[in-house]
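Starting off with a structure, shown below.
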Amino acid sequence: MKPRILLVEDNENNRYLAEFLLKREGLVVDVAVNGKEALDLARRKAPDLVVMDIQMPEMDGYETATEFKREAALAEIPLVGVSSFAMAGDRAKALKAGFVGYIEKPINPETFGREVSLFLRVRDENSTVR
Ligand code: MN
């Protein structure tokens with residue numbers, strides 16, 4: 001079965017590009033435009049991985065990650081942050097919020113799909129060990 005990705009991105013252009021690249025990689029993609037919708041879709045679709053923009057209005061990526069971790073059914077889903085933050089502490093902040101990885105914006109169309117696939121592989125290897 002194809003891996004299922006939940007893409008969370010508030011910007012329409014970024015969303016369109018990321019969805020295209022993930023589908024081109026052979027992944028099944030559900031799309032949410034904000035944190036609330038992400039939580040709702042995650043409960044219904046049980047994604048293998050969440051790829052989430054950090055900078056979103058109302059509920060940002062950090063807050064949304066915290067909500068994922070708070071809910072038993074969602075807490076184990078790996079979260080990958082996507083952010084254009086240039087400051088050095090943001091990667092650390094994302095990891096502390098529960099993200100397993102971090103991809104910098106602007107996303108590179110040549111590598112984005114593969115980067116996301118690599119995070120899926122890490123997850124699979126971990127579950128084999130367990
Ligand atoms: Mn954004």
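Remember, it's 1-based here, ligands and their atoms both numbered in the order they're listed.
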Nearest to the Mn ion (ligand 1) - the N/O/S atom of Asp53, by atom name: OD2
Ionic contact status for Asp40 with Arg44, cut-off 4.0 Å: yes
Short N-O contact, Glu71 and Arg43, less than 4.0 angstrom: yes
N, O or S from Glu9 under 2.8 Å to the Mn ion (ligand 1): no
Side chain to side chain contact (heavy atoms under 4.5 Å, CB included) partner of Val116, the single match among Leu7, Val51, Val82: Val51
Contact check: Asn11 to the Mn ion (ligand 1), N/O/S below 2.8 Å: no
Asp10 OD1 and Gln55 O subtending at the Mn ion (ligand 1) (10° steps): 90°
Pairing of Glu9 and Lys105 as salt bridge, 4.0 angstrom limit: yes
